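A short worksheet on the structure shown next.
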Amino acid sequence: MNQEGAKYLFGIPAGASRALYDELYDFLEIKPILTKHEQGAAFMADGYARASGKIGFCTSTVAPGAANLASGLLVPYIDQVPIIAVTTNEPEAIHGKTYIQDSSGWEPRSFNIIKHFETVTKWSYMLRMGERIQDVITRAIRIATTGRKGPVHINLPWDVTKKEVDVEVLPQNAYKPSGEPMGNPETIKKAAELLFEAESPSILAGGGVLLSNASAELMACAELLGAPVATTVMGKGAFPEDHPLALGVVGLWGQDTANMVIKKGETDVLLAIGCVFSQVTTINYSKNFGADKIIHIDLDAGEIGKNYPTELGIIGCAKPTLAYLFELLKEKFLKLSSRELERREERKRERLQKILKLKNELKYFSEPEMDSNAVPIKPQRAIKEIRKFLDRDAIVLADSGNNFAWAERYFQVFLPGRYIVDGLTHMGWSINAAIGVKLGAPKKQVLDICGNGSFQMTGKEVMTAVNYTIPVVWCILNDQCFSIIKQAQKYGWGLWDVERYIVSDFINMDFMKFAEACYAYGERVEKPEEIQGALKRAFNSGKPAIVEILTDPDSIPPGSFIRYEKVVKVHPELAVKRMPMAKFPIRILEGE
Ligand SMILES: Cc1ncc(C[n+]2csc(CCOP(=O)(O)OP(=O)(O)O)c2C)c(N)n1
């Protein structure tokens, strides 16, 4: 752990992990972070890994703790985040004998700890011979950090953890490769040719560009080609969203500009890097999405040609592949006559003017709702105020629900790694991951944008942040309900009768009393002009802080509303009708 640069072990102890924790008593380089729930430990390890670029380590005991921990590994498994999850166990001598929380997998009445982790890890292994610890740890590190990165799980029975073994700590080069694989040079040459000859090339950057740390190479290619750049939501920040060539995020909740350009007829050759052409990105696999010809660079061959046919598929990591592509393109430009070069420069200028005009017309990051003084506060305005307050290099996370959509479309990101969301939109993930992010990037402001519903799912970890004075600011956009669900019910999900509201309302906790109960800073904001001041006081408090912003439950992200336009044609009154607020508590037992 120490050699891999990880400083924290997130988790909860128990009898089976007594030796593991006891070891940390004298080993001060690794600080144990006691969480409130093992899922929170996995989420924090995930956040830590994303922000620090290191491996995230988390731990739990047997069955119940392990089941909780595994639930937190699904997100990093999908999002390719390197994590080592260590669980402990009773000695092998009693496996299958119905010991307390039997996790041996010996049926009946036993929890199969190895199998349970298999679906959310790249490798799940019970170490039986302590002498093999070095092989197992180095293999775990290799698997977690190479290829498609992701979590691994090691289970340590008690007899293994209590045994002393002599282990030499090998240098990193002895057990894992350095650098990333580049795509096939011949195919990259063909890609350079296609892009060089293209009339209107564009670029689509996915999360793979961020994972590969390839933003500089992306910028170099984009500027040389004069190609506009859209990102997926997972790639948001890979290209500065205030760059003239930036189109913003493409897809369901993204920018109209990106959706207008990344399609057939508008883009002749699309260079797509580290993206998976997901349902959200392609707006339900729209036929027009992408370009006339697609060049797809991805580390995973399984992604190439999966959803859209490609002209060229390149298996490789973004950074070295784009670096080589840039060299080839540069050579081509250097060989041009000055007349031809000027002709191309003129074409680039024309394309840029077209893009800038489109951005202006479509009100790229400047929609009127962002300036609304309405109360309850328009979420668009809340996001604008948050952006205005934060440093340029602050790290922002967003959670599941409408707030995910608000942040995606209205929060402008200028630098790579400063916008962190989970590809699964797991409610409550960001609330815990933010704590790990702050530990991984202690000098940066860390702010989480979350919903009132999501906060109530995992908000208990605020106490973990308080325990260790980890000053994260949680901005709860409190629209009282599960607004993404309730709005869909208002419009009958675009599928059936309208206004059939069910399980999308509830009593919200008093978030300010919750903040107080957690010894955290808390402030409630009702008017848009108060947001900046509240954020300032929250960050200045030096404590974990909750800023609750009362937002309008009837505001719908434009991307979602498209699905309901046809319903409004039949029920025009719904466009202005506000959703009713249910009254709670109800007496569910009455009449029994
Ligand atoms: C763990 C998990 N459970 C359920 C869901 C389904 N879901 C997605 S958003 C949502 C409601 C979110 O409500 P809130 O956090 O208040 O955000 P809002 O939509 O109001 O902005 C639900 C239930 C999910 N994404 N993740």
Side-chain angles (χ1 to χ4, degrees), residues 37-40 42-43 46 67-79 120 233-234 252-253 278-280 369 376-383 386 396-411 421-434 447-462 474-491 493 501-511 514 524 546-561 563-564 578-582 584:
H37 191 286
E38 290 86 352
Q39 186 190 54
F43 286 170
D46 184 352
N68 284 348
L69 189 73
S71 74
L73 293 180
L74 178 57
V75 169
Y77 181 64
I78 299 295
D79 286 355
V120 290
V233 65
M234 296 309 288
L252 188 60
W253 293 305
S278 72
Q279 184 180 27
V280 169
E369 291 80 4
I377 301 168
K378 292 276 174 214
Q380 299 93 322
R381 173 77 192 269
I383 303 286
I386 293 171
V396 162
L397 297 94
D399 212 90
S400 174
N402 269 340
N403 57 89
F404 188 91
W406 296 128
E408 176 175 334
R409 182 161 165 131
Y410 299 98
F411 188 84
V421 288
D422 76 289
L424 270 184
T425 64
H426 190 309
M427 269 176 90
W429 173 84
S430 71
I431 292 146
N432 298 179
L447 181 142
D448 177 39
I449 299 171
C450 60
N452 48 296
S454 301
F455 186 85
Q456 287 175 99
M457 202 176 260
T458 60
K460 59 190 171 297
E461 299 293 355
V462 168
W474 288 274
C475 253
I476 304 175
L477 302 189
N478 184 1
D479 53 21
Q480 312 293 327
C481 54
F482 282 167
S483 65
I484 195 168
I485 307 264
K486 193 167 172 180
Q487 290 166 356
Q489 290 166 350
K490 175 179 180 181
Y491 296 104
W493 296 86
Y501 300 112
I502 183 162
V503 294
S504 47
D505 281 300
F506 42 86
I507 305 182
N508 282 281
M509 67 161 75
D510 183 326
F511 294 106
F514 179 79
R524 178 178 293 136
I546 297 173
V547 175
E548 176 191 7
I549 304 178
L550 299 186
T551 52
D552 177 17
D554 287 286
S555 294
I556 300 192
S560 302
F561 191 66
R563 280 162 64 196
Y564 311 134
R578 293 186 73 83
M579 297 186 294
M581 282 295 157
F584 285 95

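Small disclaimer: the values here were computed from a predicted structure and weren't measured. One is the number of the first residue; the rest follow in order along the sequence. One-based numbering, in listed order, for ligands and for the atoms of each.
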*Charged N to carboxylate O under 4.0 angstrom, Arg381 versus Asp552?*
no
*Donor-acceptor pair, Gln487 side chain versus Pro553 backbone, under 3.5 Å?*
yes
*Pick one: which of Ile546, Ile449, Ile431 meets side chain to side chain contact (heavy atoms under 4.5 Å, CB included) with Ile476?*
Ile546
*Does Phe482 have any ring-ring contact (aromatic ring centres under 6.0 Å, His included) partners at least two apart in sequence or in another chain, and if so, which?*
Phe506
*asked:* Please check: side-chain N/O of Asn403 versus main-chain N/O of Ala398, any donor-acceptor pairing under 3.5 Å?
replied: no
*asked:* So does Gln480 get a backbone contact from the side chain of Asn508, meaning a donor-acceptor N/O pair under 3.5 Å?
replied: yes
Where does ligand 1 get N/O contacts under 3.5 Å from the protein, atom by atom?
unit_1   : atom_1 : unit_2 : atom_2 : d
ligand 1 : 15 (O) : Gly453 : N      : 3.4
ligand 1 : 15 (O) : Ser454 : N      : 2.8
ligand 1 : 15 (O) : Ser454 : OG     : 2.7
ligand 1 : 16 (O) : Asn452 : OD1    : 3.3
ligand 1 : 16 (O) : Gly453 : N      : 2.8
ligand 1 : 16 (O) : Cys481 : O      : 3.2
ligand 1 : 17 (O) : Asn403 : ND2    : 3.4
ligand 1 : 19 (O) : Asn402 : N      : 2.8
ligand 1 : 19 (O) : Ser483 : OG     : 3.4
ligand 1 : 19 (O) : Ile484 : N      : 3.1
ligand 1 : 20 (O) : Asp479 : OD1    : 3.1
ligand 1 : 20 (O) : Asp479 : OD2    : 3.1
ligand 1 : 20 (O) : Cys481 : O      : 3.2
ligand 1 : 20 (O) : Ser483 : N      : 2.9
ligand 1 : 20 (O) : Ser483 : OG     : 2.9
ligand 1 : 21 (O) : Asn402 : N      : 3.1
ligand 1 : 21 (O) : Asn403 : N      : 3.2
ligand 1 : 21 (O) : Asn403 : ND2    : 3.3
ligand 1 : 25 (N) : Ser400 : OG     : 3.2
ligand 1 : 25 (N) : Thr425 : O      : 2.9
ligand 1 : 26 (N) : Met427 : N      : 3.1

